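Worksheet for the structure shown next.
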Amino acid sequence: MTTRGELADILFPDVHETVEELLHRYPKRTTDKVLRFAPSPTWYLHFGGLYTSFVGWKYAKQNNGIMILRIEDTDQKREIEWAAELLISALQKFWIEFDEGPINTNEEKGEYGPYTQSKRGDLYKVFAKHLLSQGMAYPCWMSEEKLNEIREMQMVSKIIPWIYGNYSERRNKTPDELLEKFHEEGDTFPVLRFRSHGDTSKKIVFNDLIRGDISMIDNYNDIVLIKWDGLPTYHLAHIVDDTLMGVTIITRSEEWLTSVPLHLQLFNAFNLPAPQYCHLAPICKLDEWKKRKLSKRKDPEANVEYFFEEGYPAQALLEYIMTLADSSYEDWQRENEDKSFMDFQFSIEKMNVAGPLFDFVKLQNIANIYLSKISTEELYNQWLEWAEKYHTELANLMKKDPEYTRAALNIERHTEKDPKRFTLYTDIEKNILFFFDEKWPEIKWNKPEFPENIPLETLKAFAEDYAQNYNLSGDVLTWFDQLKEIGKKYGFAANNAEFKQWGFIWKVGDLAMFLRIQLCWAKQTPDLFSVMKVLWDKRIKERLLDL
Ligand code: GLU
């Protein structure tokens, strides 16, 4: 008579280690706050994924814990080849530093790896074999047609669905019977199933960090543990990976909440302690006044790449996510203006059970405050990094003379009248393009009209005079006084009183507008005096005389 242990040896001939040995293979964790972000490489980084990773990372950081990145690529049907690389690099752009995990698709850091599931095949088999040897799992040969047949029959007869009890062909077979079938099938078995208790009326209560105690129907389904391709299902991989990596808190999306009874059953079957679960509600948006989940198909912003392309600063996006994760952050931020969200103690337990609403206005407001606060040097560096990827032509232009570019960016920043011009990196282009002579041909055709009624001759005469005599050595008032003086010679009143009294035809305001258009090719520009100080002599002269 074949024992279960012998059957397990025959079905998993290459597995020589035991679960016990694996449990002792890795160093003991020195913290009880170990979290992970475990994306599947099936798409770009989803905004919801960024949210989940941020919550875990922030919680780990503020509790001196560990944050792991793990790539879950065992569902090869859904996997996309480039997605893992893209996920890793998208996360790196957010400066979310993982303590352990892949750095790119070839390298990783940490002592609990590999951190990519497709490289962990042998480990899953050790656990699978263990369950088989304990009678807690069994090989199954039920065909797709058979499974469909059962599903339909259960539906029509209103029977509780899935594979359990008598609906499973082999859950009650002896090792000898299973072995016989194994040989009959040419020494192969397509899938390994978990032997659940099969009681459809049983309930369990478990605790979720956000939702408190939850009562649910217990799992009764003999789910698949090892699939036809030899790889584990998510459920087995979750138990194996989170155990061997010493993960203590599972922050994951709400869609997994209903799987908790199954996962607890699996931990129990291995006699392993279960982690603390924490299921995050999905990010939602209002669509015609109805709240719905952010959708890959309908919402471009579901893809984090969208924010990069649009020029949102990564740090602002993270800060915005902090507001989504903890609504008390905004009040705290108002009282602690000079602190960052990294100084804020957020409580995962107080997160909302309902999905937070995505709000572009709030995000842009945060982005504006963020870009206004950082140093001009930092603004230039971040912008350049962005432009190198999304706007190479402009990046090349602006790195030609970094000091000039920084001076142009710096106008009015961090002063009392700072207009906080930049919300996105794309705003930078609009605001400082005119500083670059190379851009003149492109902008020229769009140059605004000069103030009406001023003959070109008058403007030319003024421009020639001014090009020779303008003076930037004093402050803005001295500069303006000088402009008024020169303007007078050409019929521009210095103020309203003069205008009325002496019958001037134009005002100095018209002159300033002319200067603005002639020097910046735009009607709205930053403070003209500051602009001239950046453009400096050669450019000022050339532009003034180009009439
Ligand atoms: N790989 C699973 C997913 O992307 C995640 C699960 C988890 O965090 O446990 O949905």
Side-chain angles (χ1 to χ4, degrees), residues 33-60 65-80 82-88 90-91 96 98 100-102 105 112 114-121 123-124 127 206 208-211 219 223-225 227 231-267 272 274-283 293-296 302-304 325 348 351 355:
K33 300 278 187 284
V34 182
L35 292 94
R36 86 298 192 271
F37 175 51
S40 300
T42 52
W43 203 54
Y44 300 91
L45 177 60
H46 191 286
F47 187 76
L50 179 64
Y51 174 68
T52 309
S53 62
F54 175 80
V55 167
W57 172 72
K58 173 78 177 106
Y59 186 79
I66 295 285
M67 182 64 181
I68 301 170
L69 172 63
R70 183 170 72 224
I71 300 294
E72 303 210 322
D73 58 347
T74 49
D75 189 350
Q76 304 206 318
K77 270 195 255 162
R78 287 174 60 230
E79 199 189 326
I80 300 175
W82 44 259
E85 186 87 53
L86 207 76
L87 278 172
I88 299 167
L91 287 163
I96 296 185
F98 290 92
E100 297 168 20
T105 35
Y112 301 78
Y115 294 91
T116 299
Q117 286 185 334
S118 57
K119 298 178 184 160
R120 300 173 62 80
L123 301 173
Y124 305 122
F127 277 70
F206 62 89
D208 181 275
L209 211 48
I210 298 176
R211 292 147 210 269
N219 172 66
I223 58 112
V224 172
L225 297 168
K227 296 178 289 169
L231 289 170
T233 51
Y234 168 75
H235 310 295
L236 177 64
H238 158 47
I239 309 306
V240 175
D241 294 342
D242 287 318
T243 296
L244 296 183
M245 293 181 185
V247 175
T248 52
I249 302 174
I250 307 287
T251 39
R252 63 182 179 189
S253 77
E254 192 185 68
E255 69 186 287
W256 296 109
L257 188 64
T258 49
S259 301
V260 175
L262 163 64
H263 296 160
L264 291 176
Q265 235 175 61
L266 284 170
F267 277 111
L272 289 168
Q276 171 68 57
Y277 285 103
C278 176
H279 290 87
L280 310 184
I283 309 278
K293 279 203 252 176
L294 208 57
S295 139
K296 269 194 211 174
N303 177 356
V304 163
I348 222 168
M351 283 182 80

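In each ligand, atom 1 is the first atom listed, and ligand 1 is the first ligand listed. Since this is a predicted model, take the numbers as computed values, not measurements.
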Closest approach of any protein heavy atom to atom 9 (O) of ligand 1, naming residue and atom:
Y234 OH, 2.3 Å

Look at atom 5 (C) of ligand 1 and say which protein heavy atom is nearest, naming residue and atom and giving the distance to 0.1 Å.
A38 O, 3.2 Å

Just say parallel, tilted or perpendicular for the rings of F267 and H238, cut-offs at 30° and 60°.
perpendicular

State, with a plain yes or no, whether a side-chain heavy atom of S40 is found less than 4.5 Å away from one of D75.
no

Any chance you could measure Q276, atom CD, to D208, atom CG, to the nearest 0.5 Å?
7.0 Å

Per-residue contact class, R36 against ligand 1 - non-hydrogen pairs under 4.0 Å:
side chain

With a cut-off of 4.0 Å, which atoms of ligand 1 are near a heavy atom of E72?
1 (N), 2 (C), 5 (C), 6 (C)

Per-residue contact class, F37 against ligand 1 - non-hydrogen pairs under 4.0 Å
neither

What are the atoms of ligand 1, with element, lying closer than 4.0 Å to any heavy atom of S40?
1 (N), 2 (C), 3 (C), 4 (O)

Quick one about Y115 and D241 (side-chain donor to acceptor, distance below 3.5 Å, no hydrogens or angles considered), yes or no?
no

Let me confirm one number: the CD-CG distance from E255 to L280, rounded to the nearest 0.5 Å.
11.0 Å

Using the ring of each side chain (for Trp, its six-membered ring), is H263 parallel, tilted or perpendicular to W256, with breaks at 30° and 60°?
tilted

Residue, atom and distance of the protein heavy atom nearest atom 10 (O) of ligand 1 read W256 NE1, 3.4 Å

